[in-house]
*Asks:* 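My structure is below; once you've seen it, I'll send some questions.
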Amino acid sequence: MIDYKNIDDNYKMKNAAVFLKNVSMTFGLNKALDGVDLAIMPGEIHGLLGQNGCGKSTLIKVLSGFNHPDKGSELYINGDSVKLPLDPDMLTKYGLSFVHQDLGLVPSLTVLENLRNVQLFQSGMKINWKKEKKAAREILDRYNIKVDVDANIESLNQVDKAMISIVRAVESIKGRADGKGILVLDEPTVFLTKTEVDTLFRLVREVAASGLGVLFVSHDLDEVMEITDIITVLRDGHNCGEAITAETTKDGVIEMILGQKLSSFVKDTEEYEYKEHPDVIKFNNVTGETLRGVSFAVNPGEIVGVTGLVGSGFGEIPYVLFGANEIKGGTMEIHNKTVDLSSYDMKKAVNDNIALIPADRPHKGGIGDLLVEENVMMQVHKKYHPWMLQNRSMRQKAEQLNEKYAVYPNDVRLNFGNLSGGNQQKILLAKWLQERPDLLILHEPTQGVDVGARQAIYKHIDKAVKHGTAVVCASSDYDQLVQICDRVIIFVRGKIVDTLVGHEITKERITQLCYNSN
Amino acid sequence: GDSSSSSSSTAGSSEAGSAAESSADVSELQAKLDAYKGLPEFDTAAFEGEAFDAKTAMAGKKWLTIPGTSSNPFNQTICEQICEIAGKVGFICDLLDNQGAAEEHIAGLNSASQKGYSLVDLQAGPTPETLGAQIQECMDAGVKVVTSHLTGYEQEVSPISANMGAGYYDVAQLLSDWVIVNAGTDAKVLVVVSEEITSTLSMENGIKDEFAKYAPDASVDFVNVAIVDWGSKCQSETENYLSAHPDTDYIISIYDSATQYIVPAVKSTGSSAKIVAYNGTPFAVDYVKTGDIEMLLGEDLQTIAYATVDFEMRTALDMPIVEEPTLLRMWTSENVDEALNADGKCEYGIGYGDSAKLAYESLWGLS
Amino acid sequence: MADNRSAKVNMRGGGVSGFIQKYSVIIAWVIVIAVFAVTSGDLFFNWNTLSLITGTRSVVAILALAVMIPLTAGDYDMSAAYTMTLANMITVYLSIEKGVNVWLSALIAIIAGVAIGFVNGIFVVKIGIDPFIVTMGVGTFLAGITLWISNKTLSGTELAPLQNICIGKIFNIQYIFFYCLILMLVLWYMFERTSIGKKILFIGHGKEVARLSGVKVNKVRWGCLIASSTLSALAGVMYSGVTGSAKSGSCNDFLMPAFAAVFLGTTFIKPGRFNPLGAFISVYFLETGIRGLSLLGFSTYIQNIFYGAALVLAVAISALIKKKNIKADKAKKMEALEAENDRDKKEQKSVKSST
Amino acid sequence: MADNRSAKVNMRGGGVSGFIQKYSVIIAWVIVIAVFAVTSGDLFFNWNTLSLITGTRSVVAILALAVMIPLTAGDYDMSAAYTMTLANMITVYLSIEKGVNVWLSALIAIIAGVAIGFVNGIFVVKIGIDPFIVTMGVGTFLAGITLWISNKTLSGTELAPLQNICIGKIFNIQYIFFYCLILMLVLWYMFERTSIGKKILFIGHGKEVARLSGVKVNKVRWGCLIASSTLSALAGVMYSGVTGSAKSGSCNDFLMPAFAAVFLGTTFIKPGRFNPLGAFISVYFLETGIRGLSLLGFSTYIQNIFYGAALVLAVAISALIKKKNIKADKAKKMEALEAENDRDKKEQKSVKSST
Ligand SMILES: Nc1ncnc2c1ncn2[C@@H]1O[C@H](COP(=O)(O)OP(=O)(O)OP(=O)(O)O)[C@@H](O)[C@H]1O
Ligand SMILES: Nc1ncnc2c1ncn2[C@@H]1O[C@H](COP(=O)(O)OP(=O)(O)OP(=O)(O)O)[C@@H](O)[C@H]1O
Ligand SMILES: [Mg+2]
Ligand SMILES: [Mg+2]
């Protein structure tokens, strides 16, 4: 065990596996990092925490050489002072290995090419494909990942993708001759189920035990408390605290992250009872790629959670209901009419006043290189005379929304892509909720959103519900389901196995149903 | 770089010796021009070639004729007629369609000996130097390679079995004469040329010499636009010139295909310049009809085709070769109706008479 | 919430360099005009030159506006110039060789343009092939069709009515310039003020997002390809009016200048975005340079050199200014933050002492 | 684990349609040859035709291989054909007009190619401008330079040594074909078997990921642009040897055929990826079609029509086959699920009955 008491900067410079000192990083006008220090000692599992947009990923990308930090930033690896921005060669030289937030895989290339990319990049003039293939198969077998080495990454599900990224990172530093290096995991668990998380943690402990440093980023505080030795918390690009995990509590960590006590969103407490509302929205016999003749209903003013394991089909629900996926069949009863979902499309969905906030924010949610105002007003052109758009009043409206949804930085003329995940999600909520949808479909609405912003998002959803919006929330975050849902529908293998109502909804019960029906 | 497209050369300054000609000579020019108003006549007396029995001599021969580019109907039509005439004489002639790319000509030459051609006719194509290796290969294999309608009589090219010249120099003089007669000896003239064409040099010389001789006070400017750039640059270059020189009297378009761009340039700048041109392409004859071109020197494609066949048969048969005549007619609004077919449309080969055809056929013993 | 503490910060580059970026090409235009006016005096600086610049090459402006539409939606239309040539050929061929009324001929040419866009759309949208390849292939195909219609240069008096409405002049400026101006304004309005314009923009920057926001991405892309081909055909019809003739291959060389103008147009007015005004001004900026150099007596080769150099340098300078702006902004922001930081630190201290 | 229960599903199209996709263009090639052999008999099916097909247009193969390199890294090099023309002009001009030794002239032309790639790289990599715009601008610039060097057609006996090594024949096939073949094999090895090839591939499919994996993206892209220009210059030198002459604009028209071949090459051998062998075969497939049609006596316009149609249709068919394969895979997956479901039901029943 490391004796954290006697560690000062001087010691870190000489001994840390990685010591980032006084790192600053500015994007446009936005100072994402401001003099941050972070030291990872050999053999330690270091948690890096903080709200969305506090600069965690930015810091990691400084370490990987992707970001070019401001002058004055310093980096020490194993006692060597290393020039910033980091030269890509240094990654392999010093054994820096990453699982980036967006996984760092190339979807259009094969599993083999992705898994072995570092080796391929180093094999000079003579790549031996037989050897590489054998090595790749061996690795996949060892970690029990059942995919074809020649399949394209884009044909895999999220879990396999994440596992490949993780395994790649672990393999590339395990058994290094000098026994040095660090493994950086930027929110590796968001796509994983409990089983894979356990596998991951076993790996991480092995890596740390072999004397390598590990940097672990997550918004899931339970995970952080379980796996890390020490945590560093960032707030708005500053260091705002460091604590030895064993000596702190979850609430203490939350307070460090937020700078204040958490005022959790709390649902109305009275007992919930399901009664069919006259304006109920019904789905009948929905059959898609994995869904098998599923039927359920949502009342106005009700939040229905749908969940299950990956591959159970619950992830298909949001897109099927919105007409975004081609499906075999199924109908929806809405506004006193019945529509055929197999010939439904997104334009009709929007006309029927349905809103969808997808999980894949950068590719499906918002457009990164358009302005915030353009993103937030994307849906409402009809109201501003489609043949004579009133740009000024649209901007005013966008500014109001930004204010109301507490988006930071508060400037509607920034590019959407420059905001952090949580703020992007607020903008997407504003984009759709101003339309006062009758049905709001959410897919992993707080994935990668920090604890603070999460509560704000819940409050906005709740407000819409109070105004009579029906909500379907597809999520694998059981805490979230417990916190906000009136009913939770559990999917197994494309079918509904059970529906929990009101106080029946507990984390344990959901977990049990998801796994045990298998 | 050696290019200077707008080489403003006031003709005559270099040739002071002939600068003393008086305006009396100008009426001489008028008479010279008048000779081209009517149907052209093949001058049998002046033709030096001997008669021969073409049918027997040419039996079993096989020719390939390659137009400079099939996308130029002028070239294409001549080659088609060559093959037609070959049919009449009684030997085989194939036409190689192409779009004017060097490698297409090369491919044609490469396959010539293997396909058993005895003669390849390069009709108004690239200069033979650019095909040197392939032509040499053909000649080594016993295939005669002849260039036609490519150079002035006075120009030489190599390597080649024989080169049939044409009267480009004289044509250029005639165009200049028209300008001098109609705009006086102090005429302001723009000449639009494409210097990458071999015969351009001959025509440029003809124009320079004629102005030096008869109208040393005239200002003659040359604007060079390569044929490939005509679409994007010919019109704007002409416009620019006219805009900078609003008092231009005449534009000489040495190849009348360029008038497609010169006529609209004159219109869009509102210039009062008149246009004279050479070739006799149907659409240019149309411009004569509409008055957009004042005078067009037309050459008879049929005569060219006959002359080419005559020249090349003599080459093929190792007979002495002779200078083939170029029959010209001057088209103006006065006589342009004679260039139209029954539908009132312009077409190749109308309005030049049959004298050349008859003369050649009797030389060859066909009639 | 903690993250909303700072007041609204103006993130866009203002000041001198921002102004320069926004009006870069216009400034360059003024400089070019001034240089020509000084060096060639009256020869350049007269109404005649204005007439030249706004004249013939306006067809390039139409073509540029045409290709800009699918470009905004993220699709290259490499067939545009070939469509233009074909429309030119159809107009002239039908009216001259087939005796069809010239207006009807022009209409048929434009309908052919619509059809070409439709076919491009089938391959791009229905089958899902990269538009660059499809339009390149279709373009080559159209070149063949044009050559098949006629390998001759066609012209005749039948085109006179079309010519009159193209090259007639008002204030010494050819009518065609005003058509281009109107077209530019219409497109500007469309992109700025209509929801269809916004939809095209969304598609160009994020197809999936647009799709999931209820935009019929495929339909709109298809529409953009049709618009491009139709306007290209219009350019071909106008070209028939301007030159009064047609020839296979006549307009193929306009593709590069058109794309050049569109990309140059992204460096100013609305930097980073395709915009009709930028493209329009770029066409005439480049045209001014070329005309001026030609009037100064430069050979035709200087045109290419000027065109290429102007395009690359303008885009490069714009990129460099942008980089500089960002740096300048950084400095400003840092100062502003410094003050806030101090405040924060005090707050933090109080938090720490309380834990 | 629940989500991994389904057995490995082969996502690539196997079976007949997979075979067809993998060898599509080769199959089309065989069919084309067969059709010509039947319809025109001896005229087509002889050594001479082989000599023609593998002959002069091999320069297009070199150009195609050149532009393929930056394309693989995601960058368009639109200046390649202009570089080729310039190299052609430099080689011929120096050796004929300036009396420079022909080999030295060729070397200078190739060095010019390197320099052009370097300049492209400065703008693309250092300043960060879209390569399509940069190379288009640079290309136009180079066209001006070529015209400035000479506006005449140049040729002369000084080029003989170069011509000998290009158009000399072995087995009735010109040497130049073998150079192309060697170049193709070298590139094939590079892309298949060396880490630099893999780096280029990763950059083309995901720049950010490549950078995060320690690839010096900028350096490699720059290198690709230089390779492209250098090989284009080589093509220009070869063209000098093949034609023995130079002319401004001589090779500009090769750009489209080169791109066409490269894109056509992505439809087979390694569907969906740029690959040297595919590009190489495509050049000769298209050439076979054109030569055959020409031997059959079709006018030149049919060449363009064939070129365009072959490109679009080949790519479209390949896309359709791919779609069909994906659908078939989906159906297979669903069946697998169905079967499992049935099994589940039985299990559930037995569970129920046992409780
Ligand atoms: N490329 C960029 N350009 C401009 N701003 C950026 C860029 N990348 C990040 N930022 C900004 O930097 C800040 C920190 O972002 P970062 O992604 O590091 O946050 P994070 O702590 O990883 O948040 P999350 O938990 O949501 O992943 C944010 O305000 C973000 O908007
Ligand atoms: N009919 C509705 N359907 C869905 N959502 C609604 C509806 N009405 C309001 N909302 C949601 O509630 C939010 C607040 O609504 P609104 O602007 O009407 O109230 P406010 O007066 O500004 O807020 P508050 O009443 O909470 O002070 C909106 O942003 C919208 O998302
Ligand atoms: Mg992050
Ligand atoms: Mg996150």
Side-chain angles (χ1 to χ4, degrees), chain A residues 61 64-66 87-92 96 98 100 102-109 113-114 116-129 144-148 150-152 155-157 159-160 168 193 195-196 289-290 292 308-312 328 492-495 514-515 518, chain D residues 1-12 14 74 189-220 270-273 325-327 329-331 333-334 336-338 340-345 347-348 351:
Chain A
K61 285 181 179 171
S64 72
F66 190 88
D87 200 278
D89 295 350
M90 297 294 128
L91 296 180
T92 40
L96 306 183
F98 297 86
H100 288 285
D102 42 17
L103 299 179
L105 300 173
V106 181
S108 52
L109 296 181
E113 284 163 326
N114 275 285
R116 302 289 292 170
N117 70 346
V118 174
Q119 288 78 4
L120 292 175
F121 292 163
Q122 283 166 10
S123 46
M125 302 300 288
K126 263 198 292 206
I127 292 176
N128 184 341
W129 283 110
N144 198 22
I145 303 170
K146 295 205 172 93
V147 298
D148 181 353
D150 290 325
N152 276 353
S155 68
L156 306 186
N157 63 35
V159 178
D160 288 337
R168 176 176 74 186
T193 61
T195 331
E196 284 92 16
E289 203 169 333
T290 27
R292 291 278 165 274
L309 298 177
V310 176
S312 63
K328 275 192 163 165
V492 170
R493 294 194 193 173
K495 290 186 175 163
C514 283
Y515 283 86
N518 229 350
Chain D
M1 272 173 0
D3 39 67
N4 271 319
R5 77 209 124 88
S6 79
K8 205 187 284 181
V9 182
N10 188 350
M11 295 295 284
R12 275 137 303 110
Y189 187 88
M190 181 182 94
F191 279 113
E192 277 300 300
R193 288 302 182 91
T194 72
S195 52
I196 179 71
K198 283 293 143 189
K199 284 180 187 172
I200 297 174
L201 181 72
F202 263 79
I203 292 173
H205 285 255
K207 282 198 180 37
E208 301 239 325
V209 175
R211 220 156 111 197
L212 290 171
S213 322
V215 177
K216 300 204 173 186
V217 173
N218 280 346
K219 263 199 190 158
V220 176
K270 291 195 152 230
R273 295 199 184 177
N325 277 350
I326 288 175
K327 258 202 185 149
D329 280 346
K330 247 191 200 168
K333 251 192 191 169
M334 281 197 180
L337 269 179
E338 215 69 54
E340 240 176 295
N341 266 347
D342 290 348
R343 191 157 48 73
D344 281 4
K345 260 182 211 156
E347 273 174 34
Q348 274 177 20
V351 170

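All values derive from a computational prediction rather than experimental measurement. Letters A, B, ... are given to chains in the order of the sequence lines, protein chains preceding strands, and every chain is numbered from 1.
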*Asks:* Who pairs with A:S64 by side chain to side chain contact (heavy atoms under 4.5 Å, CB included), at least two apart in sequence or on another chain?
*Replies:* A:K61, A:F66, A:F98, A:H100, D:L212
*Asks:* Roughly how far, to the nearest 0.5 Å, is CG of A:L120 from CD1 of D:I196?
*Replies:* 13.0 Å
*Asks:* Kindly write out the residues that satisfy salt bridge (Lys or Arg N to Asp or Glu O under 4.0 Å) with D:K207, not counting sequence neighbours, or none if the list is empty.
*Replies:* none
*Asks:* Out of A:L109, A:V106, A:L91, which one racks up the most heavy-atom pairs below 4.5 Å with chain D?
*Replies:* A:L109
*Asks:* Can you tell me which residue among D:K216, D:K219, D:R211 is in a salt bridge (charged side-chain N to carboxylate O under 4.0 Å, His left out) with A:D87?
*Replies:* D:K216
*Asks:* Among A:T92, A:L105, A:N128, which has the most heavy-atom pairs under 4.5 Å with chain D?
*Replies:* A:L105
*Asks:* For the OH atom of D:Y189 and the CD1 atom of A:I127, what is their distance to the nearest 0.5 Å?
*Replies:* 8.5 Å
*Asks:* Below 4.5 Å from any heavy atom of chain A, which atoms of D:V215 appear? Answer side chain, backbone, both or neither.
*Replies:* both
*Asks:* State whether the number of non-hydrogen atoms from other residues, nucleotides or ligands found under 6.0 Å of D:E192 atom CD is greater than 12.
*Replies:* yes
*Asks:* If I measure from the heavy atoms of chain D, does A:Q119 come under 4.5 Å with its side chain, its backbone, both, or neither?
*Replies:* neither
